[in-house]
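Read the structure below first, then the notes.
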Amino acid sequence: MKMVQKKSVLIAMLSALAVLTTACTGNSSEVAAPKPGEAGKESAPVALNIFANFSITQPPGPDNPVIKEFEKKTNTKLNITWVSDPVFDDKLNVLLASGDLPDAIRLPDSTVPQFQTMVKQGAFWDLTPYLKDYKNLMDSPKAIWDNTKIGGKNYVVPIVRPLEGGTTFYIRRDWLDKLGLKMPTTLDELYNVMKIFKEKDPDGTNNPVGYTMRTNDQIEFIYAGASSKWKPVNGNLIDITLEPEMREALLYKKKLYDEKLIPADFAVMKSNDITDLATSGKSGITTETIEAMWRWQFDQWKRNPKVNWEPIVSLEANKGPFQQQNSGFIGVYAIPKSVPETKMRKILSLLDFGASEEGHILSNYGIEGTHYKKEDGFYVTNEQAVKDSLGPGAMGKLFMKHDPYMYAYAPGMPKEIFERNKKIIDAKAKISTPRVDIGLYSETNTKLGADYTKKINDMKTQVVMGKVSIEEWDKFVAGLKTDANYQKIIQEMNASYKERLAAK
């Protein structure tokens, strides 16, 4: 299929999905390969079509000054299809199924079933022999690259993030101070704070809830002392779904539901609804990344300058202080094999520039004088930086160097809050528990895992809402323990885990 025809099909498909895209021009096979470490010096800009995601109100537009600067520095024309997080997975599945792919595709991770199948079919570039030529990309910790491998090879470029400072419990510090309460350090203390927040209604919003229930699986992880569904025990992986701690976590959440400390409709609430609960004064506890919570607080300050959201360092149930460690990435980029090698190298060169100090400053802080000024080593960003979608919510989902304190900062943040956040991240790093399941693969899970996950999550929700008893949960777990396919998933995950351990 000719390039123009191919791109027309892609445009038609994405338009049907209500996704903005633009057409590709030029013959990619005539692009000269850029030298590693250089932006490239072709006489004409190279058009690159990229499928990306964003998690802020609006993504960067085609005339965004920072996008233009990236194009200038890399001699490219970036045709970026930005898709919002709530609908991204659906759009991605349709795109992969179509087989008519852009030049670079964002995926949540390397274990997406359709992607795994397509890799085996030879549909994506094995980047392993090329990556050594891109120093800035390779400056990211080795663990992040290892966690995104497939069969020991790198088919993707991770969109790096710090290992610490990701999604964590947040609490209204101004509410604690107003009511004379201490920062909670256990789930029991958190429950007591929720009750008082609901009873006292510090912002006077009428019948608030204690906790928004955003990413409420955090409660399960705290009880289990695990950073994911899989927990290492004596050289093996156990599934915490089957453990007594999961039962305790569900009973805890049921207590919150019965006492109306969480939203009655938590199971069907959309992301924006949960955010509205927190930012309207209807809840004093939520979960969020450190930098994203700043964005919500910055918006709240316009209505109430006393608002002060503070991250909780850790919470514990019965296994000591716990903090979940991040995966080290928030997605990956893959390049279809239909893209010529010269253009594939151009994409790696673009991402390599994005991982340089200069590219990092551009995507996070923008252009000096337009978006920020530097004072005492600190980037003081202005309202224009927010308007131009800088930071990790959009630009940083494409271009980012590894920075352990990236999650401590967001555009517009004062230095004192940045320094506070750095200290909290350092405190979390001392106790955080790594995720061991990142990049592990089970063929049975690829085929059946989504169905099991849905059944398990539906059962959890019914227990929390009192639609089924905890004894029925016990029977459900007993069934999983004798389910041949479910046990095969556990066996295959363990085989993959032990293979990784043996390779170290």
Side-chain angles (χ1 to χ4, degrees), residues 14 19 48-56 59-60 70 78 80-96 101-116 118-119 124-125 127 131 134 136-141 143-150 154-167 215 227-228 271 288-292 324-336 347-348 350-355 359-360 363-364 389-403 406-407 435 437-441:
L14 294 180
V19 180
L48 300 177
N49 295 280
I50 302 172
F51 190 75
N53 68 312
F54 69 98
S55 58
I56 54 180
F70 265 95
L78 303 180
I80 304 172
T81 298
W82 295 101
V83 183
S84 63
D85 277 352
V87 298
F88 186 85
D89 286 349
D90 290 339
K91 309 294 190 199
L92 173 65
N93 289 336
V94 172
L95 182 62
L96 290 175
L101 307 176
D103 301 319
I105 304 170
R106 191 268 187 191
L107 302 150
D109 57 51
S110 60
T111 62
V112 173
Q114 276 183 288
F115 177 66
Q116 287 266 347
M118 294 173 77
V119 165
F124 286 89
W125 275 98
L127 304 173
L131 289 171
Y134 300 92
N136 298 315
L137 290 178
M138 298 311 295
D139 277 347
S140 297
I144 298 174
W145 285 102
D146 288 345
N147 286 345
T148 54
K149 285 182 176 179
I150 298 175
N154 293 109
Y155 289 91
V156 299
V157 177
I159 308 165
V160 295
R161 289 294 186 268
L163 291 169
E164 313 294 345
T167 300
T215 60
S227 280
S228 73
S271 179
E288 187 52 275
T289 62
I290 288 179
E291 58 82 26
Q324 180 185 33
Q325 192 174 93
N326 304 328
S327 65
F329 62 95
I330 50 94
V332 297
Y333 276 96
I335 304 173
I347 294 168
L348 291 180
L350 169 70
L351 295 175
D352 189 67
F353 174 74
H360 178 77
S363 62
N364 278 278
S389 307
L390 300 180
M395 292 295 296
K397 292 182 184 293
L398 265 175
F399 309 115
M400 188 66 63
K401 66 170 288 189
H402 183 261
D403 175 2
M406 189 211 79
Y407 278 139
R435 285 189 59 180
D437 61 311
I438 300 297
L440 300 183
Y441 181 69

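Computed from a prediction, not measured in an experiment: that's the story for all the values here.
A distance of 5.5 Å separates NZ of K149 from CG of N154, quoted to the nearest 0.5 Å. For the atom pair CG of L350 and CG of L78, the computed distance is 5.5 Å after rounding to the nearest 0.5 Å. The CZ atom of F329 sits 6.0 Å away from atom OG1 of T148, with the distance rounded to the nearest 0.5 Å. Rounding to the nearest 0.5 Å gives a distance of 12.5 Å between CD1 of I80 and CZ of F54. Considering CZ of R106 and CG of L95, their distance stands at 13.0 Å, rounded to 0.5 Å. Taking OG of S389 as the reference point, atom NZ of K397 lies at 12.0 Å (rounded to 0.5 Å).
Using a 4.5 Å cut-off on side-chain heavy atoms (C-beta onward), Q114 and N93 make contact. For the pair D103 and I335, the minimum side-chain heavy-atom distance is 4.5 Å or more. Taking 4.5 Å as the limit, every side-chain heavy atom of D403 sits out of range of all side-chain heavy atoms of P162. With contacts defined as side-chain heavy-atom distances shorter than 4.5 Å, the pair I50/T81 does not qualify. No side-chain heavy atom of D139 sits less than 4.5 Å from a side-chain heavy atom of H402. Counting only heavy atoms from C-beta outward, the side chains of V160 and W145 never approach each other to under 4.5 Å. Taking the side chain as every heavy atom from C-beta outward, P392 and N364 approach each other to under 4.5 Å. Side-chain atoms of I159 and V332, non-hydrogen and from C-beta on, never get closer than 4.5 Å to each other.
In this structure, D109 has no salt bridge (Lys or Arg N to Asp or Glu O under 4.0 Å) partners at least two apart in sequence or on a different chain.
Counting only distance, with no hydrogens or angles, the side chain of S363 and the backbone of F399 share a donor-acceptor pair below 3.5 Å. Under a 3.5 Å cut-off, the side chain of Q325 and the backbone N or O of R435 do not form any donor-acceptor pair. For W82 (side chain) and P60 (main-chain N/O), a donor-acceptor pair under 3.5 Å exists by modelled atom type. Under the 3.5 Å distance criterion, the side-chain polar atoms of D352 are matched with a main-chain donor or acceptor of N136.
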Determine, stepwise, if the pair L127 / V156 fulfils side-chain contact (heavy atoms from CB on, under 4.5 Å). CA-CA 7 Å; L127 304 173; V156 299; 5.8 Å; no
Can you check side-chain contact (heavy atoms from CB on, under 4.5 Å) on N326 and Y407, steps first, answer last? CA-CA 11 Å; N326 304 328; Y407 278 139; 3.7 Å; yes
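Between A292 and T289 the shortest heavy-atom distance is CB-OG1, 3.0 Å. Between L96 and L101 the shortest heavy-atom distance is CA-CD2, 4.2 Å. The two residues S327 and N147 make their nearest non-hydrogen contact at O-ND2, 4.0 Å. Closest approach of A334 and L107 over heavy atoms only: CB-CD1, 3.9 Å.
Aromatic pair F70/F353: ring centres closer than 6.0 Å. In summary, the aromatic rings of Y333 and F51 are positioned with their centroids too far apart to meet the 6.0 Å limit.
A ring pair (Phe, Tyr, Trp, His ring centres under 6.0 Å) with F115 is found for exactly one of Y155, Y441, F124, namely F124.
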